[in-house]
Amino acid sequence: MSARPGTAVTPGIDASTDASTEVADAVSRWLAPVREAIRQDGSASGVVTARHFGYVRLVACETGAPLRLRRGPRSIAQDPADAIALLVPQEGTVRLAQDGRGASVESGQLALVDLRRAFSVEQRGPARVLFLRLPVHALRLPAAHLRSVTARALAPAGGVAALLAPFLLDLDASASRMPAAVGERIGGIVTEMVAALVDELTEDVRGTAEAERHPLVVTIRQYIDRHLGDPELSAERIAGAHLISVRYLHRLFEGEGITVGKLIQRRRVEQCARELSRRGRVSPSISVVASRWGFRSTAHFSRAFKAAYGHAPRQWRRAVTGAGEGGAQGIHGVHGVHGVPGDHGVPGDHGVTDPA
């Protein structure tokens, strides 16, 4: 597609393609509300197209002049945008800033942006940039994992990034010829690839942290994972099993960024989410899943799950396992608290003790 500043573009032959020449307005509509840093010669113009693959959206932004877009508190209040974006410059270089980090993302590289938080994107010359927008709930990832990998330039030299970057460029080129049913399937595949990318990146971070941990902390974390299904699992029981005092146990975890009780709850919620996301003709009830992973009551599990993933378990399960865009629409526009599971101090947890 050829684009010149100020020109319009005719949508592709499929009905799932939209186009606009108002860059900031189109990005706000199809990615997340943003504000443009206006240049002396006025707002930037170009071509922005959006193609839909079920609940996944591929936004291509092509401009012939410098452009800076910013998402701040006012834009977030306008629309929390419960989604992330994978940024892929096809031409030119983009400067991305988020979470106290900045990166220059060159053509062919990748970078992740969490649309729920403030960020800025700047290109200092002509560029064509792809933004792959995915709902957060479909990735089934804790918020802490996403926060640790944003605004990092990822070279497609190996691993998942080496598969994902050329795949997205090919997808952009062939999208207009793709039937809607195939597009929905592709959306699911791309979602799994992005989730795998985040897992791969956070595994590197976790591996470095684990090498610096006290050996007993590693042992205790493994013990917690093996006993998540025991509703009696507590700091006292863990300390007794390792022949240490509860006070020393909490001292060991001071450098972990999370208390023992909240870690137990977070790991339980993560395992429940993993089980609830599985597709199958016969699926266990939410109460069975909650009990299997150590929750004493379904009500408490529902509160803990919603605090972690922003949606009630039943609603989240329908959205994640539903087919195509219809499944995702079940929670469209519902914005909850998004944090590390177990970090929100959900009341009523009688199965986990966390002494001060």
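Note on ring orientation: taking the six-membered ring where Trp is involved, the planes of His137 and Tyr55 are tilted (angle from 30° to 60°). Relative ring orientation between Phe295 and His300 is described as tilted, the plane-to-plane angle lying within the 30° to 60° band.
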Exercise for review: Evaluate the criterion side-chain contact (heavy atoms from CB on, under 4.5 Å) for residue pair Leu132 and Val88; output intermediate values, then yes/no.
Suggested key: CA-CA 8 Å; Leu132 183 77; Val88 187; over 6 Å; no
Practice item. Decide yes or no on side-chain contact (heavy atoms from CB on, under 4.5 Å) for Phe131 and Val48, but give the supporting numbers first. Key: CA-CA 11 Å; Phe131 295 91; Val48 182; over 6 Å; no
Exercise for review: Please lay out, stage by stage, how Phe53 and Met178 fare under the test side-chain contact (heavy atoms from CB on, under 4.5 Å).
Suggested key: CA-CA 10 Å; Phe53 303 88; Met178 191 175 296; 3.9 Å; yes
**Study point:** Chi angles and distances behind the side-chain contact (heavy atoms from CB on, under 4.5 Å) call for Leu87, Leu130
**Key:** CA-CA 6 Å; Leu87 180 154; Leu130 302 180; over 6 Å; no
Practice item. Could you go through the salt bridge (charged side-chain N to carboxylate O under 4.0 Å, His left out) check for Glu22 and Arg29 one step at a time? Key: CA-CA 11 Å; Glu22 299 297 329; Arg29 185 162 67 251; over 6 Å; no
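For Ser104, the side chain to side chain donor-acceptor pair (under 3.5 Å) criterion is met by Arg95, not counting sequence neighbours. Residues satisfying the salt bridge (charged side-chain N to carboxylate O under 4.0 Å, His left out) criterion with Glu192, sequence neighbours excluded, are Arg140. The side chain to side chain donor-acceptor pair (under 3.5 Å) search around Arg237 returns Asp230, not counting sequence neighbours. Residues passing the side chain to side chain donor-acceptor pair (under 3.5 Å) test with Ser245: none are found, sequence neighbours excluded.
The closest side-chain heavy-atom distance from Arg221 to Asp225 is not below 4.5 Å. Between Ser148 and Leu146 the shortest side-chain heavy-atom distance does not fall below 4.5 Å. No side-chain heavy atom of Val105 sits under 4.5 Å from any side-chain heavy atom of Leu110. Side-chain atoms of Arg226 and Gln222, non-hydrogen and from C-beta on, do get closer than 4.5 Å to each other. At a threshold of 4.5 Å between non-hydrogen side-chain atoms, the residues Leu86 and Val190 do not count as touching. For the pair Leu69 and Arg35, the minimum side-chain heavy-atom distance is 4.5 Å or more. Side-chain atoms of Val194 and Val160, non-hydrogen and from C-beta on, never get closer than 4.5 Å to each other. Looking only at side-chain heavy atoms (C-beta outward), Arg152 and Val149 come within less than 4.5 Å of each other.
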Side chains of residues 117-126: which donor-acceptor partners sit under 3.5 Å, not counting sequence neighbours?
| from | atom 1 | to | atom 2 | distance (Å) |
| --- | --- | --- | --- | --- |
| Arg117 | NE | Asp99 | OD1 | 3.0 |
| Arg117 | NH1 | Asp114 | OD2 | 2.7 |
| Arg117 | NH2 | Asp99 | OD1 | 3.2 |
| Arg117 | NH2 | Asp99 | OD2 | 2.5 |
| Gln123 | NE2 | Thr63 | OG1 | 2.2 |

In residues 166-175, what donor-acceptor pairs under 3.5 Å come from side-chain atoms, sequence neighbours left out?
| from | atom 1 | to | atom 2 | distance (Å) |
| --- | --- | --- | --- | --- |
| Asp172 | OD2 | Arg128 | NH1 | 2.8 |
| Ser174 | OG | Asp170 | O | 3.0 |

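In plain terms, the two heavy atoms of Ala127 and Gly92 that are nearest each other are CB-CA, 4.3 Å. Nearest approach of Ala24 to Val34, heavy atoms of both residues: O-CG2, 4.0 Å. The shortest non-hydrogen separation linking Ala155 to Ala161 is O-CB, 4.0 Å. Between Ala162 and Ala157 the shortest heavy-atom distance is CB-C, 4.2 Å. Contact detail for Val246 and Ala235: the closest heavy-atom pair is CG2-O, 4.2 Å.
Interatomic distance, CD1 of Ile238 versus OH of Tyr223, reported as 7.0 Å (0.5 Å rounding). For the atom pair CD1 (Ile84) and CZ (Arg133), the distance works out to 10.5 Å, reported to the nearest 0.5 Å. Atom CD of Glu232 sits about 4.5 Å away from atom CZ of Arg296, to the nearest 0.5 Å. Of the inter-residue distances, the one linking Phe301 atom CZ with Cys272 atom SG reads 4.0 Å to the nearest 0.5 angstrom. In this structure, Met193 CE and Leu134 CG are separated by 11.5 Å, a value rounded to the nearest 0.5 Å. From Cys61, atom SG reaches atom CG of Leu67 across 6.0 Å, with rounding to the nearest 0.5 Å.
At least one donor-acceptor pair closer than 3.5 Å links the side chain of Ser107 to the backbone N or O of Gln90. Remark: side-chain polar atoms of Gln109 are paired, donor with acceptor, to backbone N or O of Glu106 under 3.5 angstrom. Side chain of Ser291 to main chain of Ser287: no donor-acceptor pair is present (N/O by atom type, distance under 3.5 Å, no hydrogens or angles). A distance-only check finds a donor-acceptor pair linking the side chain of Arg268 to the backbone of Trp293 [under 3.5 Å]. Side chain of Thr202 to main chain of Asp199: a donor-acceptor pair is present (N/O by atom type, distance under 3.5 Å, no hydrogens or angles). Without hydrogens or angle criteria, Arg71 side chain to Pro33 main chain gives a donor-acceptor distance under 3.5 Å. The backbone N or O of Trp30 lies less than 3.5 Å from a partner atom in the side chain of Arg57, making a donor-acceptor pair. In this structure a side-chain-to-backbone donor-acceptor pair under 3.5 Å is present from Arg101 to Thr150.
The pair Glu270-Arg267 meets the salt-bridge criterion, with a side-chain N (NZ, NE, NH1 or NH2) lying under 4.0 Å from an Asp/Glu carboxylate O.
In the hydrophobic cluster analysis, where Ile, Leu, Val, Met, Phe, Trp and Tyr join through side-chain heavy atoms closer than 4.5 angstrom, Leu197 is grouped together with Leu163. Side-chain heavy atoms closer than 4.5 Å link hydrophobic residues (I, L, V, M, F, W, Y) into clusters, and following such links, even through other members, never connects Leu96 to Ile76.
The number of heavy-atom neighbours closer than 6.0 Å to CZ of Arg74, taken from other residues, nucleotides and ligands shown, is 12 or below.
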